[in-house]
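Hydrogens, waters and symmetry mates are skipped; everything else that's a heavy atom, side chains included, is used.
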Amino acid sequence: MITRLRERAAGLLPEGRLLPEAVWERRHRAIMRLCLALAGLLVLFAWSRGAGQPAAVLVLAAVAGPVLVAAMPQLGRKTRAAATTASLLAGSVALVHLWSGVTESHFIFFVIIGVVSLYQDWVPYGIALLVVVIHHGVFGTLYPHEVFSHDAQHNPWAWAGIHAVFVLAASIAHLASWRLNEHQVLSDPLTGLANRTLLEEITHRLLGRGGAVSLLFIDLDDFKAVNDSRGHASGDELLLVLAERLRGCVRPGDVVARIGGDEFAVVVDGGTDVARAVGERTLVALSLPVPLADGTVTVHGSVGIAASSDTTDRTAGALLRNADLAMYLAKAQGKNRLVVYADGMAEAARRRARLAQDLERAVEDGQLEVHYQPTVRLTDGRTTGFEALVRWNHPERGLVPPVEFIPLAEETGAIAGIGRWVLREALRQGAVWTTETGAPLRMAVNLSPRQFQDGDVTAEVVAALEESGFPAAQLTLEVTEGVLVRDMEDVVAQLGSLRALGVRIAIDDFGTGFSGLSYLRHLPADIIKIDRSFVMDLPLGRSAVTLITSIVELARTLGLDVVAEGVETEGQRRALADLDCGSAQGYLFARPEPAAQAGAHLGTAAVAIPAPRGASAIERMQEAPAG
């Protein structure tokens with residue numbers, strides 16, 4: 001019963017910031033020095049007031065004695081703070097008695113309240129209040145002339161209450177100042193959420209209580225695109241809405257924090273199951289469209305979860321680090337998902353970091369090479385060109401799968417340099433093959449969205465064409481809808497300038513995005529590449545047949561060519577031919593191979609490329625008069 005009442009009373013008191021250990025120790029040492037200085041000054045004051053040696057010794061013992069307890073590092077913070085508070089209050093009591101209750105002597109109590117407020121703890125305030133009531137009441141009754149120098153001598157307990165009210169008011173004023181200052185220092189200025197410092201302190205406090213504690217690390221997917229395309233004002237507006245949604249996803253007692261530009265975290269008093277439920281609500285809440293002043297936008301998030309029960313390192317830093325690792329794995333798995341930290345992720349992250357470092361040197365060290373996969377015309381089976389695909393031969397790990405290093409290159413920005421190297425190498429090889437065969441073979445090269453963001457793609461292509469002597473009309477540049485995420489107007493302008501050179505533009509992985517048709521309104525395109533996910537269901541999948549028929553018909557209407565990816569069986573090839581798909585790529589014809597092996601398939605298999613059928617439908621519509 002008593003324990004429950006104590007816990008309820010403690011719950012009513014605002015729980016302030018837990019000072020870092022180094023800061024607390026510095027303040028404590030300064031206060032101990034003040035206690036010793038006060039003891040010495042009071043002894044001198046006692047002698048000046050004519051007090052005898054016993055009184056001076058008593059004052060010295062009462063004020064300096066508690067400092068011995070305060071100096072013991074093995075004791076807890078509260079005990080050591082209580083000892084210095086007792087020392088300072090003993091000095092205050094001594095001054096009141098040595099000065100015969102002069103009113104001004106009581107002011108020292110308010111000075112002491114200010115000093116002990118440096119601990120940012122309720123214990124010193126409580127001790128001060130208790131000492132004032134007991135001293136002024138008991139000693140004011142027994143020795144009224146030594147405590148009070150006015151009419152209070154006739155009613156000491158009433159005046160003890162008055163003094164206690166003033167002490168309490170001073171304590172509350174210091175506490176309010178402390179809490180207001182904390183709010184400014186420990187909250188995010190934009191959203192009002194906790195910041196990283198407060199998150200770590202709250203997590204540390206929960207871990208200190210024992211039991212399971214979990215932490216969610218939330219990163220918004222492609223948020224930078226919102227700032228780039230709509231401006232930072234819209235980005236801030238979006239963050240405010242999403243911060244409010246995150247508040248609605250947690251339980252009372254859970255804390256939401258913003259720890260970076262588009263990074264949030266939630267500390268949960270509970271295990272993995274509770275955190276997973278919060279994370280799933282978060283994914284749903286983030287995915288809802290957000291109406292902004294300049295239009296509606298939809299974003300998603302990647303969530304990583306770490307629980308204290310999953311690691312031996314029960315610290316706030318370890319939880320945050322593990323949740324961050326899990327979030328990055330969620331990003332690598334395709335974003336807009338939740339991943340829970342497990343043993344081995346830290347080592348995987350270290351391997352990924354080492355791989356990123358190695359990737360930076362891969363081009364310079366000659367570890368990259370280009371493999372070529374032929375594009376085959378379905379009407380006669382002839383090779384009309386190749387797609388250039390980069391491969392990485394790591395000196396220690398051997399051949400690194402593209403699915404592993406390409407996303408890493410995108411993330412680190414290394415893809416821009418790799419892309420430039422692949423373009424130059426592919427055009428050089430294409431020029432050699434064109435000369436050897438006498439046929440204008442096409443060469444397709446993939447462009448990353450990052451290349452549009454980090455450089456001048458048009459200048460890079462022009463330089464590569466001039467260096468290799470490869471005709472611009474034989475070059476195809478493949479892009480996905482991701483190029484529109486950054487700055488759509490700039491990307492469309494660059495693609496338009498490339499087409500003006502005679503370069504063809506292909507839309508890669510067509511049909512897998514949420515707005516495939518909207519590409520065609522914006523991107524100047526010549527070719528549609530049907531994603532392998534549709535081809536794999538041929539020839540028996542009715543939905544695949546319907547979709548591919550629609551894509552082929554759409555392309556024909558718009559004057560675009562069609563290439564199907566991922567053809568692996570003869571049945572798929574026949575089905576595509578029956579559906580009037582023009583060309584195809586896939587393992588049925590050839591795997592991506594180094595230039596020496598890929599070139600061996602040329603010769604009689606190479607055919608001249610028919611001249612373009614004129615301007616595309618998009619160009620015709622753009623040139624048509626309005627109305």
_Donor-acceptor under 3.5 Å (Asn322 side chain, Ala318 main chain)_ = yes
*What distance separates Thr375 OG1 from Leu441 CG, expressed to the nearest 0.5 Å?*
10.0 Å
*How are the rings of Trp433 and Phe386 set to each other: parallel, tilted or perpendicular (split at 30° and 60°)?*
tilted
*Spacing of Thr569 atom OG1 and Leu538 atom CG [to the nearest 0.5 Å]*: 8.0 Å
*Does atom CZ of Phe223 have more than 12 heavy-atom neighbours, drawn from other residues, nucleotides or ligands, at distances under 6.0 Å?*
yes
*What are the two closest non-hydrogen atoms of Ala525 and Arg499, and how far apart are they?*
O-NH2, 3.7 Å
_side chain to side chain contact (heavy atoms under 4.5 Å, CB included) partner of Val503, chosen from Thr476, Leu477, Asp526, Val462_ = Leu477
*Would you say Arg450's side chain and Ala414's backbone share a donor-acceptor pair under 3.5 angstrom?*
no
*Does the pair Lys529/Glu387 count as a salt bridge with the N-to-O cut at 4.0 Å?*
yes
*asked:* If I take atom CD from residue Glu410 and atom OG from residue Ser448, how far apart are they, to the nearest 0.5 angstrom?
replied: 3.0 Å
*Below 4.0 angstrom, N of the basic side chain to O of the carboxylate: do Arg573 and Glu570 qualify?*
yes
_Can you tell me which residue among Arg337, Lys335, Arg258, Lys331 is in a salt bridge (Lys or Arg N to Asp or Glu O under 4.0 Å) with Asp219?_
Lys331
_Taking Asp580 first and then Arg556, would you say they form a salt bridge - that is, a charged N and a carboxylate O separated by under 4.0 Å?_
yes
*asked:* Checking Asp358 against Arg397 for the salt bridge (Lys or Arg N to Asp or Glu O under 4.0 Å) test, could you report, in this order, the C-alpha distance in whole Å, the side-chain angles of both residues, the deciding distance, and whether it holds?
replied: CA-CA 11 Å; Asp358 295 342; Arg397 298 184 53 181; over 6 Å; no
*State the CG-CG distance between Asp531 and Asp508, to the nearest 0.5 angstrom.*
8.0 Å
_Between Glu425 and Arg428, does the salt bridge (Lys or Arg N to Asp or Glu O under 4.0 Å) criterion hold? Intermediate values first, please._
CA-CA 5 Å; Glu425 185 65 19; Arg428 183 197 62 77; 2.6 Å; yes
*Within a strict 4.5 Å, meaning less than it, do heavy atoms of the Val390 and Phe405 side chains meet?*
yes
*So how far is it from Thr298 OG1 to Leu238 CG, rounded to the nearest 0.5 Å?*
9.5 Å
*Establish, from distance only, whether the side-chain atoms of His371 and Gln373 form a donor-acceptor pair under 3.5 Å.*
no
_Derivation of the salt bridge (Lys or Arg N to Asp or Glu O under 4.0 Å) call for Asp380 and Arg377_ = CA-CA 6 Å; Asp380 55 16; Arg377 194 164 57 199; 2.7 Å; yes
_Could you measure the distance from the CZ atom of Arg442 to the OG atom of Ser583? Nearest 0.5 Å is fine._
10.0 Å
